[in-house]
Amino acid sequence: MQEYFNFDEVEKKWTTRWHEENLYKTGDDPNKENYYVLEMFPYPSGNLHMGHVRVYSIGDVIARYKRMQGYNVLHPMGWDAFGLPAENAAIKHGNIHPQEWTWKNIDNMRRQLKAMGLSYDWDREVTTAKEDYYRWTQWFFVQMYNNGMAYKKESTVNWCPSCDTVLANEQVVNNACERCDTEVESRDLEQWFFKITDYAEQLLEDHKLLDNWPEKVKIMQKNWIGRSEGMRIKFSVKGVDEELEVFTTRPDTLYGATYMVLAPEHPLVKDLTKGTEMESKVEEFVARVKRQKEMERTSAESDKMGLFTGGYAINPVNGEEIPIMIANYVLMSYGTGAIMAVPAHDERDFSFARKYDLPIKVVIQPEAREEILTAADMDEAYTGNGYLINSEEYNGLSVTDAFAKMGKDFEAKGIGNLEVNYRLRDWLISRQRYWGTPIPIVYCDDCGVQPIPEADLPVKLPHDVEFSPTGESPLTTVEEFVNTTCPACGGAAKRETDTMDTFVDSSWYFLRYLDPHNEAEPFAKEESKNWFPVDQYIGGIEHAILHLLYSRFFTKVVHDMELTDAVEPFTNWLAQGMVLKDGAKMSKSKGNVVDPEEILAEYGADTARLFILFASPPEKDLEWSEKGVEGADRFLNRVWRLVSDNLAGLKKVDADYQIDNFSKEEKSLHRALHVAIKKVSEDVGERLNFNTAISAIMELTNEVYSYLNDRKSKDTNYQLLKDVMEKTVLMLAPFAPYMTEELWEELGQEGSVHRASWPEYNKKALQKDEITIVVQINGKVRDKLNVPAKISKTDMEEKAMDRERVQEYLAGKEVIKTIIVPGKLVNIVIR
RNA sequence: GCGAAAGUGGCGGAAUUGGCAGACGCGCUAGAUUUAGGAUCUAGUGGGCUUCCCCCGUGUGGGUUCGAGUCCCACCUUUCGCACCA
């Protein structure tokens, strides 16, 4: 046996054997429970980065641990292979096709993942850009078109001028493109949408089922969905035969409405101003607001701009005539695009009213205030609780009671309806780019919009395309693609040329893994019963809204299509932290990138994995440290040497012994073993705290070293040592799969360590004969003493009191009381 | 502005239920081994001090408690999310 761990040799040896034995094939033992662990699949950029190393190391430890625990484990890997960088690379380099670029990257990254020793079932590899996958993405689209979940409409959408395509709302961050950070523009276009808003309530409601999701992420999604309860109230408009509807969360302040505001895009604006002296002014104003960037318009700090339209609305409760304004701070995309303004009790309305000198009428009186609140002494809106004033029969009611009573009354009188509104918009899925799933729709002059029949799927993405971005989909230039026949009438028709957002591809890949070779359906329902939902999902928090919300939506759609019983895709989600170097995220521009390939070449996969799991708990950010990597390497070699140095002795015996006549040192080592098993099992299995699990194994290893050092001249108990080493190797196996496999073989074991059972601890072995208790005087530790483990409370107190040191402290003082925590401490309170 | 999380040695971090703060690792110091270096092993390593005794110590200030890193209140700093959504 080598004296040190030669990772290169060992990795080569076991990579081959594992492949030959198909060791990580998904289990199908009917006597075992199933467990599905999944990490977010990568975009094939070409090379792994440290973030990948971290997330896949975490997933692999869980997969390996669960296998050893006796589960059938589904642990698959694939490629989020459609997307812009492939096209951009093609444009930049001129001579490489996006497909070729992608396939090449996948090959390289697959090689890198394999080098990391990850236990994937590669037979289930899924690639979203392959026909056998996107065919089913299209199939889902057609199903969704047929049940009304996919539809086309013209609206104002976000356009990224750098990516030359529209974006979904979720892909716009601070008014900039989530991918390239370019400021987005608004365009009015006809686009395809998924009706995610139909599921707004359920997406919120079902957060309840996601106990083990980070609270933060649920809050982010909740904010994004933006549910608010309120009322839709109808105002009549003076002199115009039309009603003006507003949405408000404060119907209780209706008596305080002193003006109305329409979004500049509101259709009523034209009706109100047509032919009036205001017409040209209003038109000018609308044009000005439209020129304003979305950012300026929707930022809380920016100035509110408004203009009187000349029209008046009638307050339905008291008949008051109130002026109708238009203003930039009211958005057409939320609610009805119009509001009733209650400046006394809404901050935005207040600042607008002050700026344009509009009346302010107080209708809520703060409970705590003695004198009556008036508009004159307000310098900000009062939005808190209180009771109603200036509101006729509702005077004196609390805000909550008024809301309830007015809601009921207004509904009865036909003034308004209780309504729930959401900030969430439908998901815009069309993209004007080449490298994506074609939308399976044709347009026929006679039959209109026609989905492609199932039998004709996939609509293949043509290969030879001039894909330089022009703002229109590159597919429009491919005549063989565009010109087709109508599936309904057989006449000439044209294909949809937009492709789908790649987030569509990744919204259901976790379902395809269940049954990746199924040619008849996206997956068999039976397989979803076996494996779905994912028991443990792992990935970056940057997808808190995007991918995770879309996947939840998709799962609910698939559920309602009766293809699965599950309503949520990911039972547990671990959001892993970033990998930092010098306190900052690794990036090319900062020049602080550490290439995983170099680390693997220098230290091997086991060391790289061990370090990245040891340096920090998985959900926190991790500071990369070359010294830390060396430390991990040192530890693995310490374990290796324990086996190699004692191999002769270990080979002679079995791990079989009676503890009854163990020496003190042997007992202590035996106990340390079982303490470690308990700790590691809990940390890996329940807490997912791999850093402390590894430190527990290190402590055990340190115990073995001190045991061997203490006994230099005496006999080593090889039976015990063998047991300790076997179990150390088992516990280390999920972290360092190569080295442990080699040691397992050296220890004379048959079969793979990764098919062996996880060790169990013995409760009895954890017990101590003698324990150390602490004696405190007034809460300060003053003495420690060793006592039998089974000592009674009174004996504890007695022994503590007997101590010389304690007596010194007690001299001349009065003992007020003593607190005794069994097995831990005695605290003597003196005065 | 609102919301959430965090703040512990020189560094990464541990302390799971209110009970010995600093496990484990890095770094550092000393010793052993070695021709030397590296590697390895052993011991030490929060600060102070009248040095084996005591005092101080988990962002700051207060509080609850026999006892607080942990609970409560106020504040500071950092990170993240939201930010005219009616």
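Order of the sequence lines fixes the chain letters, A, B, ..., with proteins taken first and strands second; residue numbering starts at 1 for each chain.
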S.K.: Identify whether any heavy atom of A/Arg831 sits under 4.0 Å from a base atom; if not, whether one sits that close to sugar-phosphate; answer base, sugar-phosphate or nothing.
M.R.: nothing
S.K.: Can you list the residues that meet the side chain to side chain donor-acceptor pair (under 3.5 Å) rule with A/Thr728, with sequence neighbours excluded?
M.R.: none
S.K.: Once you round it to whole Å, what is the distance between P of B/C80 and CG of A/Leu580?
M.R.: 11 Å
S.K.: Would you say A/Asn175's side chain and A/Glu183's backbone share a donor-acceptor pair under 3.5 angstrom?
M.R.: no
S.K.: Tell me whether the OP1 or OP2 atom of B/C84 has a side-chain N or O from A/Arg423 closer than 4.0 Å.
M.R.: no
S.K.: Nearest to the side chain of A/Ser695, which nucleotide is it out of B/C41, B/C24, B/G19?
M.R.: B/C24
S.K.: A/Glu347 CD to B/C2 P: how many Å, rounded?
M.R.: 10 Å
S.K.: If you measure from the P atom in B/C76 to the same atom in B/G61, how many Å do you get, rounded?
M.R.: 15 Å
S.K.: Show me, pair by pair, the donor-acceptor contacts under 3.5 angstrom made by side chains of residues 220-227 of chain A, not counting sequence neighbours?
M.R.:
residue	atom	partner	partner atom	Å
A/Gln221	OE1	A/His207	NE2	2.9
A/Gln221	OE1	A/Arg552	NH1	2.7
A/Gln221	NE2	A/Ala544	O	2.8
A/Trp224	NE1	A/Glu170	OE2	3.0
A/Arg227	NE	A/Glu201	OE1	2.9
A/Arg227	NE	A/Glu201	OE2	3.3
A/Arg227	NH1	A/Glu229	OE2	2.8

S.K.: When all nucleic acid strands are considered with a 4.0 Å heavy-atom cut-off, which category describes A/Lys784: base, sugar-phosphate, or nothing?
M.R.: base
S.K.: May I have the distance from A/Phe735 (atom CZ) to B/C24 (atom C1'), rounded to whole angstrom?
M.R.: 13 Å
S.K.: In whole Å, measure the gap between the C1' atoms of B/C53 and B/A43 for me.
M.R.: 23 Å
S.K.: Less than 4.0 angstrom between a side-chain N/O of A/Arg782 and OP1 or OP2 of B/C55, yes or no?
M.R.: yes
S.K.: Using atom C1' of each nucleotide, how far apart are B/A21 and B/U70 to the nearest Å?
M.R.: 11 Å
S.K.: Since syn is defined as within 90° of 0, does B/G7 count as syn or as anti?
M.R.: anti
S.K.: Can you list the residues that meet the side chain to side chain donor-acceptor pair (under 3.5 Å) rule with A/Thr197, with sequence neighbours excluded?
M.R.: A/Asp426
S.K.: Judged by atom type as modelled, is there a donor-acceptor pair below 3.5 Å linking the side chain of A/Asn592 to the main-chain atoms of A/Ser587?
M.R.: yes
S.K.: Reading nucleotides 13-18 of chain B from the 5' end, what letters show protein touch, with B for base, S for backbone sugar-phosphate only, - for no heavy atom under 4.0 Å?
M.R.: SSSB--
S.K.: Can you sort out the partners of A/Lys218 under salt bridge (Lys or Arg N to Asp or Glu O under 4.0 Å), two or more places apart, ordered by chain and number?
M.R.: A/Glu215
S.K.: Tell me every residue that passes salt bridge (Lys or Arg N to Asp or Glu O under 4.0 Å) with A/Glu626, counting only those two or more places apart in sequence or in another chain.
M.R.: none
S.K.: What is the distance, to the nearest angstrom, from the CD1 atom on A/Ile326 to the P atom on B/C84?
M.R.: 20 Å
S.K.: Which comes earlier along RNA chain B counting from the 5' end, the contact point of A/Thr772 or that of A/Met698, where each point is its nearest nucleotide?
M.R.: A/Thr772
S.K.: To the nearest angstrom, how far is A/Ile545 atom CD1 from B/G81 atom C1'?
M.R.: 8 Å
S.K.: So, A/Ser351 versus A/Tyr329: side-chain donor-acceptor pair below 3.5 Å or not?
M.R.: no
S.K.: Remember a base hit wins even if backbone is also touched, and classify A/Tyr809 as base, sugar-phosphate or nothing at under 4.0 Å, heavy atoms.
M.R.: sugar-phosphate
S.K.: Could you please name the option among B/G81, B/U42, B/C84 that lies closest to any side-chain atom of A/Asn709?
M.R.: B/U42
S.K.: Please list all pairs passing the salt bridge (Lys or Arg N to Asp or Glu O under 4.0 Å) test where one or both residues lie in residues 816-831 of chain A, with sequence neighbours left out.
M.R.: A/Glu814-A/Arg831
S.K.: Write down the distance separating the C1' atoms in B/G7 and B/G12, rounded off to the nearest Å.
M.R.: 15 Å
S.K.: Can you name the residues that form a salt bridge (Lys or Arg N to Asp or Glu O under 4.0 Å) with A/Arg250, not counting sequence neighbours?
M.R.: A/Asp252
S.K.: Counting only side-chain N and O atoms of A/Asn702, is one of them less than 4.0 Å from OP1 or OP2 of B/G25?
M.R.: yes
S.K.: If we take the C1' atom in both B/A4 and B/C84, what is their distance in whole Å?
M.R.: 22 Å
S.K.: Rounded to whole Å, how long is the line connecting atom CD1 of A/Ile541 with atom C1' of B/U79?
M.R.: 12 Å
S.K.: Give me the distance, rounded to whole Å, that separates B/G57 from B/G69 when you measure between the C1' atoms they each carry.
M.R.: 11 Å
S.K.: Could you tell me whether A/Thr248 contacts a base, only the sugar-phosphate backbone, or nothing, with contacts defined as non-hydrogen atoms closer than 4.0 Å?
M.R.: sugar-phosphate
S.K.: If we take the C1' atom in both B/U50 and B/C55, what is their distance in whole Å?
M.R.: 12 Å
S.K.: Specify the separation, in whole Å, of atom CH2 of A/Trp640 and atom P of B/U40.
M.R.: 16 Å
S.K.: What nucleotide, of B/U40, B/C41, B/A86, holds the atom closest to the side chain of A/Ile339?
M.R.: B/A86
S.K.: What's the CG-P distance between A/Leu636 and B/C26, to the nearest Å?
M.R.: 12 Å
S.K.: Using a heavy-atom cut-off of under 4.0 Å over every strand shown, decide if A/Thr336 touches base, sugar-phosphate, or nothing.
M.R.: nothing
S.K.: Between B/G25 and B/A6, how far apart are the two C1' atoms, rounded to whole Å?
M.R.: 22 Å
S.K.: Look for any protein N or O under 3.5 Å of an N or O in nucleotides 64-67 of chain B and output each such pair with its distance, or none.
M.R.:
residue	atom	partner	partner atom	Å
B/C66	OP1	A/Lys817	NZ	3.4
B/C66	O2'	A/Asn827	ND2	3.4
B/C66	O2	A/Asn827	ND2	2.4

S.K.: Of all residues at least two apart in sequence or in a different chain, which pass the salt bridge (Lys or Arg N to Asp or Glu O under 4.0 Å) check with A/Lys679?
M.R.: A/Asp683
S.K.: Treating A/Asn689 as the side-chain partner and A/Asn691 as the backbone partner, does any N or O pair qualify as donor plus acceptor under 3.5 Å?
M.R.: no
S.K.: If you look at every strand shown and take non-hydrogen atoms under 4.0 Å, does A/Arg425 touch a base, only sugar-phosphate, or nothing?
M.R.: nothing
S.K.: Closest approach to the side chain of A/Glu699, judged atom by atom: which nucleotide of B/C41, B/A4, B/A23 is it?
M.R.: B/A23
S.K.: State, without any angle test, whether A/Glu245 and A/Thr336 hold a side-chain donor-acceptor pair at a distance under 3.5 Å.
M.R.: no
S.K.: Of all the base pairs, Watson-Crick or G-U under 3.5 Å, which form stems of three or more consecutive pairs involving RNA chain B?
M.R.: B:1-7 with B:76-82, B:10-12 with B:24-26, B:27-32 with B:40-45, B:46-48 with B:54-56, B:59-63 with B:71-75
S.K.: Can you tell me which residue among A/Val363, A/Val362, A/Val399, A/Asp346 is in a side chain to side chain contact (heavy atoms under 4.5 Å, CB included) with A/Thr253?
M.R.: A/Val363
S.K.: Can you pull the side-chain hydrogen bond (donor to acceptor under 3.5 Å, both in side chains) pairs that have at least one residue in residues 635-647 of chain A, sequence neighbours excluded?
M.R.: A/Arg638-A/Asn702
S.K.: Measuring to OP1 and OP2 of B/G81, would you say a side-chain N or O of A/Lys216 lies under 4.0 angstrom away?
M.R.: no
S.K.: Counting the atoms with a prime plus P, OP1 and OP2 as sugar-phosphate, which does A/Gly631 contact under 4.0 Å by heavy atoms, base, sugar-phosphate, or nothing?
M.R.: sugar-phosphate
